[in-house]
Amino acid sequence: MSVPTPTPAQRRWLYAIVTALVPILVVYGIIDSSTVPLWIALAAAVLGTGTAFANTHPDLGSEDAE
């Protein structure tokens, strides 16, 4: 199964959406303001890891890959 890789422009858009969404969630009391850095870090890790995963060849590290 192929995972679509977001372009740099799409990643910038996603980071901007997450960065804008978290304060809105605080205002509405959905998340606590003391956990904002954790939510931002989680979003960055998920977006970054997803991009890295999508750009990694599935056979990389396999003994059969040459």
Side-chain angles (χ1 to χ4, degrees):
M1 180 170 86
S2 177
V3 177
T5 304
T7 65
Q10 290 169 329
R11 287 194 307 272
R12 279 191 301 274
W13 182 82
L14 287 170
Y15 287 127
I17 293 299
V18 169
T19 305
L21 182 62
V22 170
I24 292 169
L25 295 174
V26 170
V27 168
Y28 284 104
I30 297 170
I31 64 173
D32 186 55
S33 62
S34 64
T35 62
V36 167
L38 300 173
W39 285 106
I40 296 292
L42 176 64
V46 167
L47 290 172
T49 301
T51 301
F53 180 76
N55 287 317
T56 302
H57 192 277
D59 293 332
L60 193 62
S62 171
E63 294 175 8
D64 297 330
E66 291 184 18

Novice: Ignoring hydrogens and angles, write down the donor-acceptor pairs under 3.5 Å from the side chains of residues 17-33, residues two or more places apart or on other chains.
Specialist:
{"from": "Thr19", "atom 1": "OG1", "to": "Tyr15", "atom 2": "O", "distance (Å)": "2.7"}
{"from": "Asp32", "atom 1": "OD2", "to": "Ser34", "atom 2": "N", "distance (Å)": "3.4"}
{"from": "Asp32", "atom 1": "OD2", "to": "Ser34", "atom 2": "OG", "distance (Å)": "2.3"}

Novice: Who pairs with Thr35 by side chain to side chain donor-acceptor pair (under 3.5 Å), at least two apart in sequence or on another chain?
Specialist: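 Listed in chain order: Trp39.
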Novice: Please list, chain by chain and in numerical order, all residues satisfying side-chain contact (heavy atoms from CB on, under 4.5 Å) with Ala16, sequence neighbours excluded.
Specialist: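 Partners of Ala16 under the side-chain contact (heavy atoms from CB on, under 4.5 Å) test: none.
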